[in-house]
Amino acid sequence: MPELPEVEVVRRGLARWTTGARVEAVEVLHPRPVRRHTAGPDDLVARLVGARIDDVVRRGKFLWFELDTGEALLAHLGMSGQLLLEPPDAPDEKHLRVRLRLADREGGALQGRELRFVDQRMFGGLAVVDLLPTPDGLPGGTGGAPPRAAEGHDDDGVPRLGVPSSSRVPEGVAHIARDPFDPHLDDAALLARLRTRRSGVKRALLDQDLLSGVGNIYADEALWRSKLHGERSASALTRPAASRLLGDVRDVMAEALAQGGTSFDSLYVDVNGASGYFERGLAVYGREGRPCPRCGAPVRREAFANRSSHSCPVCQPRPRSASGR
DNA sequence: CCAACTACCTGAGCGC
DNA sequence: TGCGCTCAGGTAGTTG
């Protein structure tokens, strides 16, 4: 269940170890994870072999390798995808889908490791796509490389992940909104748009065309922090309440990132196969029946859009009607 | 433009 | 031992 913090952990590992490396060979072991590459697996391999990785960039839950060919290797982890850096003699994972052999970059920091895409449920995938100019002309994603990236924290303690080296985004990602860690996200415009939505506020948080990177876990956690039920109408939020909610989204994701992300099992891991530790920081998600950390009431689980929502029945009362108050 | 729904996938867990 | 069911859920595509 990788959401923005988990994808960013992976991006950092990939940027550290693969920038400057050249792709020597590619093996596609299952067609489904490359389905978004419409020209087929052979074409994907041909476009990758010989290319050099210049940068690793992220927007929301999408990440991509900028290549010196002018194209990008676009990756989405879906539900269960992993990008692992491993020695070539490591045994194949049960759900290994794509193997990329990388040549050592100068200095040998990569030490001949393989980049492997492993994905049990195959909701994720890889594709080689064109890079297109961003509509607003601003840099295209979050999490770029030096020298211009100035990783650190702003006054709110929120990670500012730097500016990517290009002003382009991969084809097919243009409709994905900027994410809460993107230095170019226009908060005021986002909040104004959020407050025009007629749907419940949780549904709006999960809309990747409005704000990207938020999934079911961090939506529930941010709503708990803001003491809002997810079915409250987005359009009925006051401006300060909407602003606080965005702040809570940023806070919970920043805390999760600092802990290496959230892991419930071995499905989400960093490039070295290690799990994050934020599960212990979760207040409501996956904690049905256990006490709300704020008031002690047992956490409630409700059906929501073919999945589940978790909330505190006392801190987050259901709205009186669908219109939400 | 917006909202709501479904298909796509596999494996763990459970009742019988 | 195994069958059938439910659940996990991000995204693309379709429908209204």
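Here the structure is a predicted model, which is why all the values come from computation and not from measurement.
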Strictly below 4.0 Å: does A:His95 bring a side-chain N or O up to OP1 or OP2 of B:dT10? no
Closest-nucleotide 5' rank along DNA chain C - winner of A:Ile176 and A:Phe123: A:Phe123
Residue pair A:Arg197 / A:Ser235, side-chain donor-acceptor N/O under 3.5 Å: no
Answer yes or no: does a side-chain N or O of A:Arg301 lie under 4.0 Å from OP1 or OP2 of C:dA8? yes
If you go through the side-chain atoms of A:Arg203, does one of them form a donor-acceptor pair with the base of B:dA4 closer than 3.5 Å? no
Could you check whether A:His229 and A:Glu302, counting side-chain N and O atoms only, form a donor-acceptor pair closer than 3.5 Å? yes
Within the 4.5 Å heavy-atom criterion, are A:Leu190 and A:Leu210 side-chain neighbours or not? yes
Does A:Arg121 contact C:dG10 through a side-chain donor or acceptor facing the base, at a distance under 3.5 Å? no
Nucleotide B:dA4, atom C1' - distance to CG of A:Asp209 in whole Å: 14 Å
Any side-chain N or O of A:Ser308 under 4.0 Å from OP1/OP2 of C:dA8? yes
So which one's nearest nucleotide on DNA chain B is more toward 5', A:Ser199 or A:Arg307? A:Ser199
Are A:Arg193 and B:dC2 close enough that a side-chain N or O sits under 4.0 Å from OP1 or OP2? yes
